[in-house]
Every structure is written in structure tokens, then in C-alpha cells.
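Chain A is the first sequence line, chain B the second, and so forth, proteins listed ahead of strands; every chain is numbered from 1.
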Amino acid sequence: MIDWYDANFVLIQGTIINLLLALSLQVPFRFGVFSFAGVGAYGIGGYTAAILILERQVSAIVAILAAILVGVVVCYVLGLVVARLGGLYLGMATIAFTLIVGVVAINGGDLTGGVIGLFGVLADLPTITLLAFAVVAVLAVAYTERGTLGRRIEAVREDPELAASVGVNVRRYRQAAFVASGALGAAAGAMNAIVRTTIGPTDIGFIVVVLALTMMIIGGTRSWAGALIGAVIFTWLPSLLEEIGEWQHLVYGTLVALAAIFMPGGLFGVITDGWRAWQRRRRPAIPQAEAPVPAVAAAQAEGGDVEARAEAELASLGTVDEGSAR
Amino acid sequence: MLQNLISAISLGSIYLLFALGMSLVWGTVGILNFAHGVIFMFSAFVTYLIDRQVELPLIGLVAIGVAVGAVMSVAMQLLAFEPILRRAKDFRTAELQILIAAIGVATIPLAIAQYETKSNPFGFASTTFTSKTYEVFGARISNTQIIIIVAGIGISAVMAFWLRSSRGGLALRAIGVDSETTSLMGVNRSRMAIGVMALAGALAGLAGVLLTLNLGAITPESGDTLLVKAFAAVILGGVGSVAGVVVGSFALALIETIVLVETAGTWVSAVSFGIIFLVLLFRPQGLFGRAEVRRT
């Protein structure tokens, strides 16, 4: 166990950091807020921690806490500013915000080290501290997935108007999502800067957005466990895929595309669905319970009745079109 | 001064060719294609591979680029976007899934191009097309730049006219307003979507080949940069409006050129991000957009 830890502690630390990074996108996503601000906070947190350690020689924990504070404040303000945007427009605005963080870092002169970045960010950060931060974060996130609070958040995501009509303050929940993603992202960024002892503009750009999104989508968007699955896969896969070297990106891209098309719930969704199906099979249940949609099942039962199947397809198309009718 | 204006106009025309297809697809069939940049790059890349083997005239380069772009774009629509639209429970979820799938798909051609070129810039070495430079009032303009400007403005004008005056254009605009009602009127949405995607891909391929000719070489990563700039142009002008894309592209190119001339070059990329941000905040529908923006 100790040997295994010594051999892999870099990857273990990486998993914790990536878990927090993935959560920083997943939490707002679960609130129905399509925001990449967490990745911007990742950059801000990384630079804040690095500058504090280099200029003021603070300890690692102080640096991380300060980074979280800065991340929370910035994301709170950003949340207020973009409050009226939604959907793709919000996504684009927050991507722009994230990329601006990189441009500011490049133009920050001596404070941020310009294009080269900052080096020698030395502070003592044992893995157990990282783990403690991660456990606190996961417990907090898990709390928002259960009970009344969990149902309220689900309502805010699925139908904001309905949620508002039953007395949920939608705007406040959205604002909370921004704050949470700021805290999680900044913590991940600060830890990353301290663990790697360096941070530069190339560490916080679009590539981080893609990584965070990848982990969240492959793992699953509905629960922190999905983010954990994604973080584990995408921290350990590169070292396993070492031999295919340059084709790594190809494998990543294919996985993301297939996951987005065929399993929108991610691996976590596949696992929970499988678990439920297995439990259903254990009970001598209703036949045809596995059929996904009754209409389609009916069409199939008719045995090649083209008309019925076309009707079923039309019905499913109708729901798509309803959504697009603005 | 005039020299800067010429470079701003030719840069704007490249943005225009690239952004036009993106805006059209987004404004009508509602798909924001994050793989548009990689289609642009990969069309130029395939053209480069063929150009390495055989000597090609300009028209050959353009034809290959346009064809590759159109095929890639249609393939994305058929293999990724259509299945997502068919499965998703509502359009809002589909929209996000499409965005994510496109980011995933985009890494595949990028990885192939990076592997083949080792991330070095590539250009058309053996083409029979030769670049010439003319002097106009003391400023220099190359024949490639003239082609780019004429193509950009010409294609935009034709497209604006087609959207406004033809039955197909009307059907397409109607899909953008209300796709359900439009399909009740007998418009085949998925066939229109394939057509629009093919057109957008072809324009991206054209932009890729022309930009490579103009600069001499491009890197595999240049598609991503252009993608963000095109977003800025589209959002500034207003999604789905041809006039908006034209104004947005030239305005962006002009501002970037001014920033480049007046300051150190490092702030140039902030222009497009800043525009995206500010426009979304203060005028989300853009300068020329329809005054409806989905909220919540």
C-alpha cells in the first residue's frame, strides 16, 4: 500500500485536483447553469496562490483559502453580471471570461510572469490536506444532491418557471451555483499550482475547459460520483495510454463524442441504470419493463407495422420541436 | 494607414467567410457547431496533402477544400447532431449535448493533423498559383488578398439575396423562427439542415484554403483561434443575420488591427473575448439580431 502510494502519489494528487475541477463545472450544470466560470476561477486561484506564496511566503493552506476567497468573489460578481443570460449564450460568455483570464495573465508583467508564467511556487502541501479539502467539498456537494434541497435544485434545472411558481428563489440558486463553482475551481487551481510548483498561461486556457468538460461528461453530470469517475479515468488513462502517445487526443475525442451522443448520463448514469435494471430483473416483474418508451414498444409489438412506428417517431420528434419553438 | 486598412479588410473577409456559415447554421437550424474551426483547418490540411502529391492550380485547391469541408460538415450532422436531436428529450438539452459532442469530434481531425505535421505549420508548396503584389497609392495588396475580399463580399451578397428572395431561403428563415410550424407547412427540416451544414462546411473549407494561401502556412491549432473570433463576429452582428456577420467581421478585424498597431500585440486576443462578453451583456441580440433572446 505504502509502496503503491509512493509510486503513484503524483497521480493521486492529480486525481483530487481534477475531481475538484470537474465538480466546478458539474455543480453549476446540475443547477441548470451552463457556465465555464469554474475554469476561469481555476486560473485565478492558481495565480493567486502562486503570487501569495512567492511574494508573501504564506503557507499552502492559507494560499488555498485565499485563492478560494478570490475565486468566490470574482465568480459572485460574474454571476451578477451575466444573470440575464441563459443556455448557450451563458456558456459563450463564461468561456470568454475564462479566456480573458489567460490574456490578463499574459499581460500581467512581473506579477504573473507574462508568457512564461511563475516558477518555484514552493510550499508544503501533504496529500492528506488535499484529501481533506476534497472530502469536505464532496460532502458539501453530496448534501446538495439529497432531500428537499436536492429536489429544489432539480426543479431549478428542469423547469425554472415551475420552480419559481412554487416559491423557489431561482435567481439565488443560480447565484449560489456561481459561488460554488468559483470556490471549487479556485481550490483546484491553487492546489495544482502548489503541487506542480509552477503556473503559466498555457495551463489555464481552452485545454482546461475541454479537460473539465470531458471528465464531467464521461463520468456523468447528475452526481459527484460521476465527477469522481471522470477524474479517475482522465488522470490515470494518460499514463496507461503512454504507448499510443500522440494518439491520446484521438482516443479522448472519440470517447467524448460517443459519450455525448450515446450516453448523455455518462458512466455514472449507465451504472445506475444497469443497477436498477438488475434489481428489476431480480423481482419477477412486469414483462417488457425494459422497453424504454411505451409508444415505441407498442410500435414494435405491432410487428413491422410501419405506420405505427412512424407515428411513434413523429411523436418523439414533436417533443423535440416543442422545445425549439421559442 | 492605407496599408493597415487593406490588411484589416482582408482579415475581415477571412472572418466573414468563416463566420458566415457558422451564423447561418446557428440562426436557422439552431446548431452551434464547435467543430467549425477544425473543419476549416482540416480542409486546408487535406488540400495540403493532395498538393504535396500533384501540382494543382488555384481552382483545384479551392475545389478540394470546399469539397472536404462540405463532406465533413454533413458527416457531423448525420453521425453526431441528428442522432442527438433524435434522442434528446428537449431542444435545450440537445443544444448542450451538440456543443459537447462537437468539441469531442473536433479533437479527432486535430489529432490527425497534429500527428502528421508534428504541429508545424503547413502550406501549399507545389501549387501552380503564384502570389503577385500590386502597388495601390503606395500600399501593397496581393492577388490572394483581392480574391479573399471579392469572395467574402460576393458570397455574402449572394447569400443575403438568396435568403431574402428564394423559396429555399424563406423556408430556412422560417425554420429559424419556428421549426415546428415550419415542418407543418411541408418543410423538411432535416434535409434543410443537411444542406445548410454542407454550405457552412464548404465556406469553412474555402476560408481555410484562401487563408493558407494568403499567409503561406497555417498551424493545425489555428482553427480554434478563428472559432473564438468568429463567435465574436457572429455575436456582435447578431445570430443569423447576414448583414450582421458582415459588419461584425469587419468591425472585429478593424478593432484588432487598431489594437495591434497601437499597443503591444499581446492584447489582440482580448478584443474578441471582450466583444463577446460586452455584447452579450448589453445587447444580447447583437447589432442586427432579432429582438428575441431566450432567457433562463
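Heavy-atom pairs under 4.5 Å with chain A peak, among T181(B), T107(B), L280(B), I112(B), at L280(B). Between chain A and the options V268(B), I84(B), I275(B), heavy-atom pairs under 4.5 Å are most frequent for I84(B).
Contact annotation for I103(B): only side-chain heavy atoms (C-beta onward) come within less than 4.5 Å of a heavy atom of chain A. In this structure, the portion of L79(B) lying under 4.5 Å from any heavy atom of chain A is its backbone and not its side chain. Contact annotation for I95(A): only side-chain heavy atoms (C-beta onward) come within less than 4.5 Å of a heavy atom of chain B. For L99(A), the parts sitting under 4.5 Å from any heavy atom of chain B are the backbone and the side chain alike.
Listed here is the closest heavy atom pair of P83(B) and I261(A): CB-CG2, 3.9 Å. Considering every non-hydrogen atom in both A101(B) and A257(A), the closest pair reads O-CB, 4.1 Å.
Scanning for ring-ring contact (aromatic ring centres under 6.0 Å, His included) contacts around F277(B) gives an empty result, with sequence neighbours left out. F18(B) is linked by a ring-ring contact (aromatic ring centres under 6.0 Å, His included) to H36(B), F40(B), counting only residues two or more places apart in sequence or in another chain.
Residues from residues 226-235 of chain B that place a non-hydrogen atom less than 4.5 Å from a non-hydrogen atom of chain A comprise V228(B), F231(B), I235(B), given in numerical order.
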Would you sort out whether L99(B) and F34(A) count as a side chain to side chain contact (heavy atoms under 4.5 Å, CB included), showing the intermediate values? CA-CA 11 Å; L99(B) 184 79; F34(A) 191 48; 3.2 Å; yes
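Taking OH of Y89(A) as the start and CG of L32(B) as the end, the distance is 9.0 Å to the nearest 0.5 Å. Interatomic distance, CE of M92(A) versus CZ of F34(B), reported as 5.0 Å (0.5 Å rounding). Atom CD1 of residue I106(A) and atom CH2 of residue W267(B) lie 9.5 Å apart, to the nearest 0.5 angstrom.
By the 6.0 Å contact criterion, CG on N120(B) is enclosed, its count of non-hydrogen atoms from other residues, nucleotides or ligands being greater than 12. The environment of CG in L170(B) is crowded: more than 12 heavy-atom neighbours from other residues, nucleotides or ligands sit within 6.0 Å.
Checking side-chain atoms of R87(B) against main-chain N and O of M263(A) turns up no donor-acceptor pair under 3.5 Å.
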Check residues 200-220 of chain A and write down every donor-acceptor pair under 3.5 Å in which the side-chain atom is one partner and the other belongs to a residue at least two apart or another chain.
from, atom 1, to, atom 2, distance (Å)
D203(A), OD2, G200(A), N, 2.9
T214(A), OG1, V210(A), O, 2.3

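Taking the side chain as every heavy atom from C-beta outward, L281(B) and V82(A) approach each other to under 4.5 Å.
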